[in-house]
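To start, the structure itself, in structure tokens.
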Amino acid sequence: MTASLHTQPTPAQPHPSPSNPPTLSLRAVSRTYGDGDGTVTALHPTTLDVRPGELVAVSGPSGSGKSTFLALAGALLQPSTGQVLIAGQDVTALPAAALPAFRLKQLGFVLQSSNLIPYLTVREQLTLVTHLTGQDAHAGRTRADALLRTLGLGDRAGHYPAALSGGQRQRVAVARALMNDPQLILADEPTASLDGPRGREVVQMLAQQVRERGRAAVMVTHDDRVLDLCDRVLHIVDGRLN
Amino acid sequence: MYLALRELRHHRLRSLLIGGIVTLIAFMVLMLTGLTRGLAHDNAALLIETPATHFVTTRDSGGVFTRSFLTPDTVTRLQAVAGAQATPLAQSFATLSHGDQQLSGVLMGVQPGSFMNPAAQQGQPLSAGSTGAVVDESLREDGVTLGDTLTLKPGGETLQVIGFTRAARLNHQPVVFVTLQHWQTLNPRLQGTVNTVALNAQGEAAALAAQLPGVTVHTRAAALQELPGYREEQGSLIMIQVFLIVVAAFVLAVFFYVLTLQKTPQFGLLKAIGASTRTLAGSLVAQMMVLSVLAVTVAALVTLGAAALLPAGLPFTLTAPTVLGASALLVAVAALSSLLSLGSIARVDPLIAIGAST
């Protein structure tokens, strides 16, 4: 079954142009678990395009298939059927061993609360990404400091995650996701442990960065308070996206 | 190393504790190595540091010198085969009195011109026709000095100490060297036989000697193992060392395995970001290496310090190559013990990083 895309009015500019090639493209992607009588369909066949500059929210109750959807879009899980294209690359055709390097270059992840490495300072959380890609340490540091300033964390660069508030931690996670200048950012319940204003702040920042940088983002959430900040909101119920 | 060092530094107490355990185990291994080597030297320095490569005994002796009696005829035939590379040795146990002190020793007859004639550290070496004795330096601790007279019990023959030599202990007793001729006059009951013929020869002469009837040629190492009590004594100490090394491997393996299991969510996150299994495995091995190299280094320094404080009479021998060898073994064992954790790192699925609460 093909999901019909429910589009909301776009609150921000630049408006994603339909002529741009999509950053994320799901083509009839489905995922089932088990086999024979015990088959469970976590995601029914879904087709979806997310274009540069667009922040798409996927909202739904627990167990609706949100996580499966995000795992498929994030090249963490291979679909049972269909194709997943990220930045023009069919990730279902990549060998499993090539996926970590692909994620490192093309994807940024903002995950739930326990999202940072406890023994790295805020700056090191970011430079870890450049370290993993084997880039120059000095350039990484400069870029990390610039990103932290942009996201209002300039004075927290030397702190450990334990010394930060929940909202600050999620902002660090957003900064880290931007560190490798990815084509696509995937956020998994980024507001889960935050109160209303803090949650809005984080999503606002994410939306702003996505638009300024012309990147695409998909956010899975069940926090209705932040949906108005997104360009499109899709609902997922029992593995069906609409 | 990026992650490895930062994690060790951040969790200081944890790093210190595990490093401390490895240090203590390494210290025990090194101390025991010193004691094992020390006992080996105390027991049989003569056979450990000898220039001889092989020892010939009668076939029925099983390689035990005191059970082997080679006739003068056999000795002549061995010398015909190996020339100056063969020299007879005769050995008997003796009780010597020094003043009002009774001392035990091994009375050994050597040919003065041969390669088995001990070099004198102090005094004179044995020469042909000499009736004096060159004795092991450990007798100095019993108050024996150059020129002293030792009286053989119960016969009353006297030996004047003309020189001291080093590394001359056998059966945990000091060796008292006399000329073979003198030894035979002191031991007339043995009718000119000797206990063994030492060879200082590579393969060929030893192979030729082995063809003579009624004799067996033992390598130096094999003769050492046949020395009564040697194998048993070394065996128990070496077993303790092996146990300690196995314990060290288990402690490290289990410690890092538990840590790895606890850090599964973190590894999932790192893998989702794009860290490869290889990067994470490298990080763990690096931590293991940093900890064990530091711990073993500290243990080696402490051991060398402790060795200087040990009482002089305690047999303890530790050389730099031994310390380096034991340290390398411990570090290698630490590296091996990381294998247990590497498997669980490889099995971490980055998928666990998302939807943890749903």
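So you know, we letter chains A, B, ... as the sequences are listed, proteins then strands, and number each from 1.
Classification of the B/His11-A/Tyr119 ring pair by plane angle, with boundaries at 30° and 60°, yields perpendicular.
Taking every heavy atom of both residues into account, A/Ser67 and B/Ile354 meet most closely at O-CD1, 3.4 Å. Closest approach of B/Ala275 to A/Pro100, counting heavy atoms only: O-CB, 4.2 Å.
Note: B/Leu3 leads B/Asp349, B/Leu3, B/Thr279 in heavy-atom pairs under 4.5 Å with chain A. Per-residue counts of heavy-atom pairs under 4.5 Å with chain B were compared for A/Val129, A/Leu128, A/Leu186; the largest is that of A/Leu128. Per-residue heavy-atom pair counts under 4.5 Å with chain B were compared for A/Ala177, A/Gly108, A/Pro118, A/Ala101, and the maximum is reached by A/Pro118. Contacts with chain B were tallied for A/Thr127, A/Leu99, A/Leu77; A/Thr127 has the most, counting heavy-atom pairs under 4.5 Å.
For A/Arg198, the salt bridge (charged side-chain N to carboxylate O under 4.0 Å, His left out) partners two or more places apart in sequence, or in a different chain, are A/Glu201.
B/Lys263 contributes atom NZ, which lies 9.5 Å from atom CD1 of A/Ile117 (distance to the nearest 0.5 angstrom). Here the CG-OG distance, from A/Leu104 to B/Ser276, works out to 9.0 Å after rounding to the nearest 0.5 Å.
Within a 6.0 Å sphere centred on CZ of B/Arg278, other residues, nucleotides and ligands contribute 12 heavy atoms or fewer. Few gaps surround OH on A/Tyr33; more than 12 heavy atoms of other groups in view lie less than 6.0 Å from it. Annotation: A/Asp238, atom CG; neighbour count of heavy atoms from other residues, nucleotides and ligands within 6.0 Å does not exceed 12. Counted within 6.0 Å of CZ on A/Arg141, heavy atoms from surrounding residues, nucleotides or ligands total 12 or fewer; the atom is thus considered open. More than 12 heavy atoms of other residues, nucleotides or ligands shown are found within 6.0 angstrom of CZ on A/Arg123.
Interface remark: A/Leu70 contributes backbone and side-chain atoms alike to the contact with chain B (heavy atom separation under 4.5 Å). Residue A/Tyr160 touches chain B through its side chain alone, counting heavy-atom pairs closer than 4.5 Å.
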Hey, can you pull the donor-acceptor pairs under 3.5 Å for the side chains in residues 267-274 of chain B, sequence neighbours left out?
from	atom 1	to	atom 2	distance (Å)
B/Lys271	NZ	B/Thr277	OG1	3.1
B/Lys271	NZ	B/Ile345	O	2.9
B/Lys271	NZ	B/Ala346	O	3.3
B/Lys271	NZ	B/Val348	O	2.9

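Residues from residues 282-310 of chain B never place a non-hydrogen atom less than 4.5 Å from a non-hydrogen atom of chain A. Interface with chain B: from residues 85-93 of chain A, no residue qualifies, criterion being any non-hydrogen pair under 4.5 Å.
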